[in-house]
Amino acid sequence: QLQLVESGGGLVQPGGSLRLSCAASGFTLDYYTIGWFRQAPGKEREGVSCISSSGGSTNYADSVKGRFTISRDKAKDTVYLQMNSLKPEDTAIYYCAADRAYYSGNYPCPQWYEYDYWGQGTQVTVSS
């Protein structure tokens, strides 16, 4: 089955930036909608952002809108989540997920249960 691998997490100060990457192991992500989720200890999984297979449609949770940018590099078969102006409340394990279904951008991002494949997550900690 398709395996996803996240990378780029780490410790950053408030106001800092990180760029997360999502790549597939042995398969192309070219035809998949890709979503980013995060989960902090004791909290529910939260949808962060998603991007269509073409890269032409994106959406963001209100909590990250204006600070995070999702993108994809077709040549590298990689999806990125650029996180700027990070806040302590952004601290969580971040997961990427792949959905075979079409996403137009005219609707909210797919819910977590709609995604077909998941990565193992990468830790993001925002602290002074």
Side-chain angles (χ1 to χ4, degrees):
Q1 289 188 318
L2 178 65
Q3 293 180 284
L4 305 182
V5 180
E6 304 95 337
S7 61
L11 175 64
V12 65
Q13 295 184 359
S17 298
L18 285 173
R19 188 181 72 166
L20 306 183
S21 299
C22 176
S25 178
F27 298 90
T28 180
L29 295 177
D30 198 45
Y31 304 107
Y32 287 85
T33 299
I34 302 297
W36 284 98
F37 293 80
R38 65 186 183 185
Q39 188 165 26
K43 295 185 177 180
E44 297 291 327
R45 178 167 25 194
E46 176 188 16
V48 176
S49 183
C50 63
I51 187 167
S52 63
S53 60
S54 69
S57 298
T58 61
N59 213 338
Y60 301 89
D62 289 340
S63 58
V64 307
K65 195 171 298 182
R67 300 188 298 119
F68 291 10
T69 303
I70 191 170
S71 63
R72 62 195 308 161
D73 186 330
K74 290 290 188 178
K76 295 182 178 180
D77 199 25
T78 301
V79 176
Y80 302 100
L81 184 68
Q82 178 67 46
M83 305 185 296
N84 299 325
S85 302
L86 283 163
K87 305 174 181 179
E89 52 261 44
D90 295 318
T91 296
I93 300 176
Y94 283 71
Y95 302 88
C96 66
D99 182 4
R100 194 71 174 88
Y102 175 75
Y103 174 68
S104 70
N106 295 319
Y107 299 92
C109 290
Q111 295 295 309
W112 66 268
Y113 50 82
E114 299 181 71
Y115 286 86
D116 301 300
Y117 305 103
W118 291 80
Q120 294 299 304
T122 185
Q123 177 70 48
V124 172
T125 302
V126 184
S127 179
S128 299

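This chain uses plain numbering: 1 for the first residue, then up along the sequence. Nothing here was measured: the structure is a model prediction, and the numbers come from that model.
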Report task. Measure from NZ or CZ of Arg38 to the centre of the six-membered ring of Tyr95, then state whether that distance is under 6.0 Å and the direction lies within 45° of the axis. Result -> no
Query raised in the report: Once the angle between the rings of Tyr117 and Tyr32 is folded into 0 to 90°, is it parallel (under 30°), tilted (30 to 60°) or perpendicular (over 60°)?
Result: perpendicular
Query - Within-4.5 Å side-chain heavy-atom neighbours: Leu4 and Leu29 - result: yes
**Report entry** Main-chain N/O of Cys50 paired with Asn59 side-chain donor or acceptor, under 3.5 Å
**Finding:** no
Query raised in the report: Are Arg67 and Tyr60 side-chain neighbours, meaning at least one heavy-atom pair lies under 4.5 Å?
Result: no
**Report entry** Geometric cation-pi criterion Arg72 and Trp36, 6.0 Å radius, 45° cone
**Finding:** no
Report task. Go through Lys65 and Asp62 one step at a time and tell me if the salt bridge (charged side-chain N to carboxylate O under 4.0 Å, His left out) criterion holds. Result -> CA-CA 5 Å; Lys65 195 171 298 182; Asp62 289 340; 3.2 Å; yes
Report task. To the nearest 0.5 angstrom, please state how far the OG1 atom of Thr125 sits from the CG atom of Asp90. Result -> 11.0 Å
Query raised in the report: Hey, which of Trp118, Tyr113, Trp112 is the one that makes ring pair (Phe, Tyr, Trp, His ring centres under 6.0 Å) with Phe37?
Result: Trp118
Query - Minimal non-hydrogen separation, Val64 against Val48, with atom names - result: CG2-O, 3.6 Å
Query raised in the report: Between the side chain of Glu6 and the main-chain N/O of Gln120, is any donor-acceptor distance below 3.5 Å?
Result: yes
Query raised in the report: Pick one: which of Thr91, Leu20, Leu81 meets side chain to side chain contact (heavy atoms under 4.5 Å, CB included) with Val124?
Result: Leu20
Report task. Say whether Ile93 and Val126 are linked into one hydrophobic cluster, either directly or through other cluster members, by side-chain heavy-atom distances under 4.5 angstrom. Result -> no
Report task. May I ask you to check whether over 12 heavy atoms, not counting those of Lys76, lie within 6.0 Å of atom NZ? Result -> no
Query raised in the report: Would you call Pro108 and Tyr103 a side-chain contact if the rule is heavy atoms closer than 4.5 Å?
Result: no
Report task. Please say whether more than 12 non-hydrogen atoms of neighbouring residues, nucleotides or ligands are located less than 6.0 Å from CD in Glu89. Result -> yes
**Report entry** Reported CD1-to-SG distance for the pair Ile51 and Cys96, which is rounded to 0.5 angstrom
**Finding:** 12.5 Å
Query raised in the report: Which heavy-atom pair separates Thr78 from Ala23 by the least distance, and what is that distance?
Result: OG1-CB, 4.3 Å
Query raised in the report: Which heavy-atom pair separates Gly56 from Ser52 by the least distance, and what is that distance?
Result: N-OG, 3.3 Å
Query raised in the report: Which atom pair, heavy atoms only, marks the closest approach of Tyr31 to Ser53?
Result: C-CB, 3.7 Å
Report summary line: The side chain to side chain contact (heavy atoms under 4.5 Å, CB included) partner of Tyr80 among Ile70, Thr69, Asp73 is Asp73
Report summary line: Rounded to the nearest 0.5 Å, the CZ atom of Arg100 sits from the CD atom of Glu114 at a distance of 15.5 Å
Validation: residues 9-19 side-chain donor-acceptor distances under 3.5 Å, sequence neighbours left out:
from: Ser17; atom 1: OG; to: Asn84; atom 2: OD1; distance (Å): 2.9

Query - Verdict with reasoning, Ser63 to Glu46, per side-chain hydrogen bond (donor to acceptor under 3.5 Å, both in side chains) - result: CA-CA 10 Å; Ser63 58; Glu46 176 188 16; 3.1 Å; yes
